[in-house]
Amino acid sequence: MRYNFTYDSKSLYKIENLLPRLKYSKFPTHIIRWLENFEEDDVEHILTLLLNFEYIPYNELLMRLDDLLYEFLKDIKVDEGVIFIPFGKIGKSSTLITYPLKHSNAFKSRNNFLIQFDYENIKNTNQYKHIVFIDDFIGSGHSFCKVYSSENVKKWISENNFESVNLLAVVTMFNAKKYLKDRFPDLNIISQYRSAIFCKEKSPLRFFGNLDETKRIIEKYKYFKYAPLGYSDTEAFISFFYGTPNNTLPIVWANTEKWKFLFPRIDNSKISEIRDLKKEYAFFIGVYNRLGLDILKINNTYEYSDHRPKKRTFAYNTKEHHSIIAILFLKKKENLEDMVLCQLLGLTNRELKDIYTLGVRLQIFTKNREITLLGMSLINNINAVVRTENFRKESPMNMLPKNKVYLPKQFGGKT
């Protein structure tokens, strides 16, 4: 039986929790319309699955390209020219990212870069020592493999004797990386990596739901002609502001008489702003703010005291503060790889590096990114304080919104 959304406080609360993860790119009504594609018994699994969706708006795409390009340029001398080649047909995603690439600070930092769609018409190739194929997303690696393996491309690269051949993509699926490196060991890939959403070893979904059961549910929806796990069974779960790769699960982007999309293959909607609100981790920050404990102050002993300061001179409202607490708990509990941490928390490689740098400075992490004794003490202290105070038990009943209206005693200076 198809799901029929009930407009009550419990259902609306679930929808509201999805909005930050989707970067506020969708109205609640759009999510509700999409959920009504599914059978009623499957909706809870789908809501959990959607908490792991990754949506990248324009300004975040620009930021990620900037970080990746700076990472690449660390090993490139200033006087060495670089050719950037979008592979694929004009109008495809690989050509669309040339605009944000050209507007990134890293690209503007040098004047010996060239973006060229038709590599065979490049003149004076001796001025350039490196080539970089660019794309937004590498799902299976098949498309790039086809381009890179063509006789014309191999001949052109060989004749020009470039020092390095590189592939820069905003996001690359981990299996695609392996597929390409197995075939082209000398290819340097600069990218942020993501695992298949149903990968039992690396998927962030394993922290939230039943992978096998959710996968079984996804595979039974075949109202459209596409493979239920995406092109080549990639199991991607990502979308960009201009569209969704066909490697992403089709339940997200399929659009037929029987199925309404959430994010389309091609999206002409307005660009959304990034609002990185990670409420689950903000809870721990709120605990310490309320108790008057400066958890991120250097040389703090992290001791709980009933003598709480009446006035706070610091606040924790940045992405790093939210994430450093989450990383501490995840590394202690699961000892996760950095790739999985990035996917789970929505971080780029550079952002994760900055968090570790802060953690080292605070003596929470070692230079090898291991938790120190002080970090372990902090984790234990947080858990102890939460249990002691017990002012917010995260039970299903307590987490439901209450039908109460709170009115201020004063507003605008008037009672």
Side-chain angles (χ1 to χ4, degrees), residues 22 25 34 37-38 46 49-50 52-56 61 64 86-97 133-150 153 167-184 187 189 191-205 211-212 214-268 339 343:
L22 302 181
S25 60
W34 178 71
N37 288 315
F38 300 93
I46 299 301
L49 176 66
L50 199 56
N52 296 272
F53 192 76
E54 190 166 10
Y55 174 75
I56 302 180
L61 180 72
R64 293 188 182 211
F87 66 91
K89 297 179 181 179
I90 300 295
K92 294 293 185 179
S93 58
S94 58
T95 62
L96 291 174
I97 68 165
F133 293 93
I134 57 174
D135 200 356
D136 61 340
F137 177 76
I138 306 294
S140 65
H142 297 167
S143 296
F144 179 79
C145 184
K146 183 178 180 180
V147 171
Y148 194 60
S149 299
S150 68
V153 171
L167 171 60
L168 188 152
V170 177
V171 174
T172 298
M173 297 301 291
F174 189 78
N175 288 340
K177 176 190 177 184
K178 184 178 184 304
Y179 177 86
L180 293 174
K181 293 298 287 185
D182 286 347
R183 287 157 179 78
F184 315 113
L187 177 69
I189 302 176
S191 187
Q192 185 87 43
Y193 299 106
R194 293 291 181 261
S195 69
I197 192 62
F198 298 120
C199 175
K200 292 183 179 180
E201 292 77 27
K202 298 181 182 295
S203 172
L205 181 61
L211 267 73
D212 292 333
T214 306
K215 185 176 181 179
R216 184 194 65 77
I217 290 171
I218 295 302
E219 290 179 321
K220 80 177 183 180
Y221 287 97
K222 299 179 180 178
Y223 299 123
F224 25 80
K225 60 183 180 181
Y226 317 105
L229 300 180
Y231 172 77
S232 191
D233 291 338
T234 305
E235 298 182 16
F237 208 45
I238 189 172
S239 183
F240 297 83
F241 67 95
Y242 47 77
T244 309
N246 63 358
N247 307 86
T248 289
L249 305 183
I251 59 165
V252 173
W253 52 266
N255 187 26
T256 69
E257 291 184 1
K258 294 183 178 181
W259 196 268
K260 305 301 180 184
F261 65 85
L262 180 61
F263 288 91
R265 284 279 285 139
I266 303 297
D267 193 354
N268 296 318
M339 182 194 75
Q343 187 169 356

For residues [X] and [Y], determine if any side-chain heavy atom of one lies less than 4.5 Å from a side-chain heavy atom of the other.
X	Y	result
Lys178	Phe174	no
Ser191	Leu167	no
Tyr226	Leu249	no
Asn247	Phe137	yes
Pro204	Ser195	yes
Tyr242	Ile97	yes
Phe184	Ser149	yes
Leu61	Val170	yes

Determine whether a donor-acceptor pair (N or O, by modelled atom type, separation under 3.5 Å) exists between the side chain of [X] and the backbone of [Y].
X	Y	answer
Thr248	Ile238	yes
Lys177	Ile189	no
Arg265	Gly243	no
Thr234	Ala236	no
Ser203	Leu205	yes

Nearest-0.5 Å distance, OG1 of residue Thr244 to CG of residue Leu262:
8.5 Å

Rounded to the nearest 0.5 Å, what separation is found between the CE atom of Met173 and the OG atom of Ser140?
10.0 Å

At their closest point, which heavy atom of [X] faces which heavy atom of [Y], and how far apart are they?
X	Y	value
Leu49	Phe237	O-CE2, 3.1 Å
Trp253	Pro264	CB-C, 4.1 Å
Leu22	Tyr55	O-CD2, 3.7 Å
Ser232	His142	OG-CE1, 3.3 Å
Asn37	Lys260	ND2-O, 2.7 Å
Ala176	Gly141	CB-N, 3.8 Å

Are more than 12 heavy atoms from other residues, nucleotides or ligands located less than 6.0 Å from atom NZ of Lys146?
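Atom NZ in Lys146 is not crowded, with 12 or fewer foreign heavy atoms closer than 6.0 Å.
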
Basic-acidic side-chain contact under 4.0 Å: Asp212, Arg216
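Answer for the salt bridge query: no.
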
Run the numbers on Arg64 and Ile56 for side chain to side chain contact (heavy atoms under 4.5 Å, CB included), then give the verdict.
CA-CA 10 Å; Arg64 293 188 182 211; Ile56 302 180; 3.6 Å; yes

Show the numbers, then the answer: is there a side chain to side chain contact (heavy atoms under 4.5 Å, CB included) between Phe240 and Asp136?
CA-CA 9 Å; Phe240 297 83; Asp136 61 340; 3.9 Å; yes

Take Tyr221 and Ile46 through the side chain to side chain contact (heavy atoms under 4.5 Å, CB included) test and state the conclusion after the steps.
CA-CA 12 Å; Tyr221 287 97; Ile46 299 301; 5.5 Å; no

Name the one of Lys202, Lys215, Lys200, Arg194 that satisfies salt bridge (charged side-chain N to carboxylate O under 4.0 Å, His left out) with Glu235?
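The passing option is Lys215.
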
Assert yes or no for the condition that the ring centre distance of Phe38 to Trp259 is strictly below 6.0 Å.
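Ring-ring flag for Phe38/Trp259: true, centres closer than 6.0 Å.
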
Taking the ring centre of each residue, are Phe263 and Phe53 less than 6.0 Å apart?
yes

What's the verdict on side chain to side chain contact (heavy atoms under 4.5 Å, CB included) for Phe87 and Asp135, showing C-alpha distance, side-chain angles and the deciding distance?
CA-CA 7 Å; Phe87 66 91; Asp135 200 356; 3.3 Å; yes

